[in-house]
Amino acid sequence: NTKITQSPRYLILGRANKSLECEQHLGHNAMYWYKQSAEKPPELMFLYNLKQLIRNETVPSRFIPECPDSSKLLLHISAVDPEDSAVYFCASSPNNERLFFGHGTKLSVL
Amino acid sequence: GDQVEQSPSALSLHEGTGSALRCNFTTTMRAVQWFRKNSRGSLINLFYLASGTKENGRLKSAFDSKERYSTLHIRDAQLEDSGTYFCAAEASSNNRIFFGDGTQLVVKP
C-alpha cells in the first residue's frame with residue numbers, strides 16, 4: 001500500500017531515542033498506531049481523529065504520539081526496552097471504519 | 001481477543017485444495033475486515049463487509065451480523081496464499097475494532 005508510507009522500515013536500537021513517521025495520502029480522518037508482536041494480532045496503541053487523540057490505550061510512557069496534521073502521524077520512542085521489539089504499523093481509516101495499514105516499521109531492540 | 005474467536009489457529013493445505021476460516025463474535029458487530037500478513041510482514045486488505053458476501057478471485061467472504069460470524073473461504077489454494085490471516089470486527093456499541101488471534105495458513109506443493 002504505497003498510499004500510506006512509513007519510515008523507517010527497519011530500526012535497530014540500543015537505548016537511544018527515535019521517532020517513527022507515517023503519512024497517508026488517502027484523505028482519511030482517523031490515524032492509528034498499532035503494535036504487532038510475533039504472530040499475535042495487532043494491538044491498538046493510539047487513535048487520532050482529525051488531529052485529536054481519541055483513544056490512548058495503556059502503553060508505556062516512553063511512547064509519545066504526535067499528530068502534526070491530519071495526514072501525518074509520529075511515534076516518539078525514548079529509552080526502549082527489549083519488550084518493545086515488534087512491528088509498529090500505522091493505519092488510517094475514513095470515519096473510524098475500514099482500516100488501511102502501512103508497511104510497518106520493524107523495531108529490534110538490542 | 002475476547003470479543004472475537006477465530007478458528008482454526010493453524011491450517012495446512014495442499015495446492016489446489018480449499019478450506020474456510022471463521023470468526024465468531026460475542027457481541028454485535030457493525031462490519032468485518034479480513035487481512036493477510038504476508039511474508040514481508042505487510043497487512044494486506046482482503047475484504048471489508050458490512051453485510052452479505054463478497055468474492056475476489058479465489059477468495060470469498062461472508063458476514064452475518066445477526067448470527068455473529070464471518071467466514072473466509074479459500075479455493076484452489078496457491079503457495080503465495082501462505083501467511084497469517086486476521087479478521088477484525090467493528091463493534092456496533094462503541095465502534096472499537098477487535099482482532100481475531102489469527103490463522104496461520106501454510107500451502108504446500
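Chain letters run A, B, ... following the sequence lines, proteins first and then strands; every chain starts at 1.
- Contacts with chain A (heavy atom to heavy atom, under 4.5 Å) involve these residues of residues 58-90 of chain B, listed by number: B:Thr84, B:Phe86, B:Glu90.
- Under the 4.5 Å side-chain heavy-atom criterion for Ile, Leu, Val, Met, Phe, Trp and Tyr, A:Leu53 and A:Phe63 are members of the same hydrophobic cluster.
- Here the CZ atom belonging to B:Phe99 is positioned 10.5 Å from the CD atom belonging to A:Glu43, to the nearest 0.5 angstrom.
- Contact detail for B:Ser42 and A:His103: the closest heavy-atom pair is OG-ND1, 3.0 Å.
- Here the straight-line distance linking atom CZ of A:Phe101 with atom CG of B:Asn45 works out to 8.0 Å at 0.5 Å rounding.
- In this structure, B:Ile97 is a member of the same hydrophobic cluster as A:Val87, with clusters built from ILVMFWY side-chain heavy atoms closer than 4.5 Å.
- Heavy atoms of B:Gln104 lying under 4.5 Å from chain A belong exclusively to its side chain.
- Interface remark: A:Leu47 contributes no atoms to any contact with chain B (heavy atom separation under 4.5 Å).
- Neither A:Leu74 nor A:Tyr88 shares a network with the other; the hydrophobic side chains, linked directly or stepwise wherever heavy atoms of I, L, V, M, F, W or Y lie under 4.5 Å apart, form separate groups for each.
- Residue-level contacts of residues 26-35 of chain B with chain A, in order of numbering, are B:Gln33, B:Phe35; threshold 4.5 Å between heavy atoms.
- Note on A:Val59: it clusters hydrophobically with A:Tyr48, by side-chain heavy-atom contacts below 4.5 Å among ILVMFWY residues.
- Here A:Arg98 contributes atom CZ and B:Leu49 contributes atom CG; the two are 9.0 Å apart, rounded to the nearest 0.5 Å.
- Interatomic distance, CG of B:Asn95 versus CD1 of A:Ile54, reported as 11.5 Å (0.5 Å rounding).
- Residue B:Gly100 comes nearest to A:Pro41 through the heavy atom pair O-CB, 3.1 Å, listed as atom of the first residue, atom of the second, then distance.
- Once rounded to the nearest 0.5 Å, the distance linking CD of A:Gln36 with CG of B:Leu43 reads 5.5 Å.
- At a threshold of 4.5 Å between side-chain heavy atoms, the hydrophobic network of Ile, Leu, Val, Met, Phe, Trp and Tyr places A:Phe89 and A:Leu44 in one connected group.
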